Structure formats: C-alpha cells, structure tokens
Amino acid sequence: MSASSSVAIQRIRSVAELREWRGPAGDVGFVPTMGALHDGHLALVERAVRDNEGAIASIFVNPAQFGPNEDYRAYPRDEERDLALLERAGCHSVFLPSVAEMYPPGDDMRVVPGDIASRLEGAARPGHFAGVCTIVAKLFGMVRPTRAYFGQKDFQQLRVLQTMVRSLALDVRVVPCPIVRAADGLALSSRNAYLGADERARALALSGGLLAAAKAWVQGERDATALRRTVEAVAHQAGSLEYVSVADPVTLREVAGRAERAVISLACRVGNARLLDNVLLGMTLDELAEL
Ligand code: PAF
C-alpha cells in the first residue's frame, strides 16, 4: 500500500488488485462514495488520510440502492474530475469497480436491515437500505478497512451502517463526520447539482428551519411537536416537504412529548432534487461514534 500523497493516486478496478494492494497489515481508512464528489466527501478523505497509514476511497454508483423511478441513470458521473479531487486531498488509492465486479454472475445474497431502516428514508425508498448495506458489506469484505468514514448528512444511513457493523460483528470502526455546509448554510450533496439558481436559493429554507429549531433548543425548547413546527414553518418555503422528523438519534423512533436528545431530520423535493438535512441536539457525534 502506498502512503505518500505526492504520488499519483493508484486506480484499482478489480477485487484481485484490491486484495494485493491491501496486503496483510497496516491501518486503512476507507471512504465509500458514489462519486460526484464535493467538499463533504473530501473532508472524509482528509480525515481518513490523517487517521491511518493508508487511505482509500471507492467510487461506485450502486444500482441496488436506487428505486425503479429514481435517478440511477441521471446520477452525476465524472471520474477524471473525482480522481483529481481525491488526489489533491491526499488519497492514496481509489477502487473503481464495474457493476459486474460488484455483482458477478452467481451473486445471490443481500444484507437486509431491521427496524432502524424501516422509517424515514427506509419508508420513502423501499429497498434502499438493503442496497446500501449489501454494497457496504461487500466493500468492507474487499477493502478490509480499519476505519470507515460516513457523513452525518445521511444520518439514517450512518445509524443503519453502525447497526450493521455491530449486528454482524464486522471488524471495522465506523467514524461519523460532521455535515459540511456551503457558506450560506446549504448542506453539501451531490444532488445539489440538480438545482437551478432559484431552487438553490429556496433550498436555504431547509438549513434555515433546522437552525431555527437548534436555536429554540438552546433556549430550552424540548417539546418535540414545537420543535417540528419550528422547522416546518421555515422549511416549507424550500419546496415539497416529505417529512420533518424529531427522533431519538440512537433508535430513530419518533419522540412523543419531551426530547432529552434528538435528531431533527427532513427530506424535501426542490425541483428535480430530493434533499436531506438534519441537526443533532443533546448528543455529540463523538458520543454517537461510541455506540
Ligand atoms: O452515501 C453514499 O454515497 C452511498 O450510499 C454509499 C455509502 C457509498 C453506498 O453506496
């Protein structure tokens, strides 16, 4: 495994090459992605480079996690741009498998998550988290990382994958990393590329609503309904709100009444984009990492 950021990033396309690269020893930090990289991904990569002897990212647009009417075909793909960004972030290697490499003939196994995946994104996108868990479990088996880095922006994905690692006793540490936002507050997402200028301006109401709830929390508001209404009052201006949830950050069950800790998350359609955002209250990401 190469540990220098001054050399060109190593491109690995097959599982056989990946196994050779991995070798028997050494700390490896892993950042799984679907490409269309932005500063949120690059923050994960920089952390992986800092924490480990070797850092590897993967770029694979996973068909199994998209529904039949979702944006699998339209998902933005620009391999050369992504590789230049990874190289600049000091990433040593990148795994770029084909669909046939990840789902070879004879593939007949899925990782199906339980209760933690049943609500919110799981309810809105049936089968999505089985697709995510299956591909991440495969990638973990191939890369054998010491640590894997996931962003808070996809909060439920983070919790589902933590639960998978614990339930299947996988030998990898999931490292949750904070949401990276544009200067005006919009959470970075590959799907922001679908927004026109007007839509992007309207989308600021999403982080605006969450910020209003976070302020209310700091001022002592703990009632889940009041917190949800505070978000909705602002965020509805962005587009068509699918849900605003005030849930326990560990179980993701909705809080009824008083919240001692909460993740307030939302999904909203803004033009052709379906955007997610959230805020974690009364619990830190470091505490979440210890679950
Ligand atoms: O968050 C993503 O980009 C994807 O869901 C992941 C974790 C790379 C699995 O395909």
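Counting starts at 1 for both ligands and their atoms, following the listed order. Start at 1 with the first residue, then count along the sequence. Remember, predicted model here, so these are calculated numbers, not experimental data.
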Asks: State the atoms of ligand 1, each with its element, that fall below the 4.0 Å cut-off from a heavy-atom position in Q157.
Replies: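 By the 4.0 Å cutoff, the relevant atoms are 1 (O), 2 (C), 4 (C), 5 (O), 7 (C).
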Asks: Report the part of T33 (side chain from C-beta onward, or backbone N, CA, C, O) that has a heavy atom under 4.0 Å from ligand 1; answer both or neither where that applies.
Replies: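 Answer for T33: backbone.
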Asks: Going by an N to O cut-off under 4.0 Å, is there a salt bridge joining R147 and D51?
Replies: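 Judged by the 4.0 Å cut-off on N to carboxylate O distance, R147 and D51 do not form a salt bridge.
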Asks: With a cut-off of 4.0 Å, which atoms of ligand 1 are near a heavy atom of Q65?
Replies: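 Answer, ordered by atom number: 4 (C), 5 (O), 9 (C), 10 (O).
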Asks: Identify the protein heavy atom lying closest to atom 3 (O) of ligand 1, giving its residue, its atom name and the separation to 0.1 Å.
Replies: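 Answer for atom 3 (O) of ligand 1: M34 CG, 3.6 Å.
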Asks: List ligand 1 atoms under 4.0 Å from I135, heavy atoms only on the residue side.
Replies: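 By the 4.0 Å cutoff, the relevant atoms are 9 (C), 10 (O).
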Asks: In terms of side-chain geometry, is the basic nitrogen of E70 or R274 positioned less than 4.0 Å from the acidic oxygen of its partner?
Replies: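 Salt bridge absent between E70 and R274.
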Asks: Might you point out which heavy atoms bring R181 and N278 nearest each other, and give the distance in Å?
Replies: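 Of all heavy-atom pairs spanning R181 and N278, the closest is NH2-O, 3.5 Å.
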Asks: Work out which heavy atom in L188 is nearest to a heavy atom in A182; give both atom names and the distance.
Replies: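 Where L188 meets A182 most closely, the heavy atoms are CD2-N, 3.7 Å.
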Asks: Does this structure show an ion pair linking R166 with E290, if we count only N-O contacts that are shorter than 4.0 Å?
Replies: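 Answer for the salt bridge query: no.
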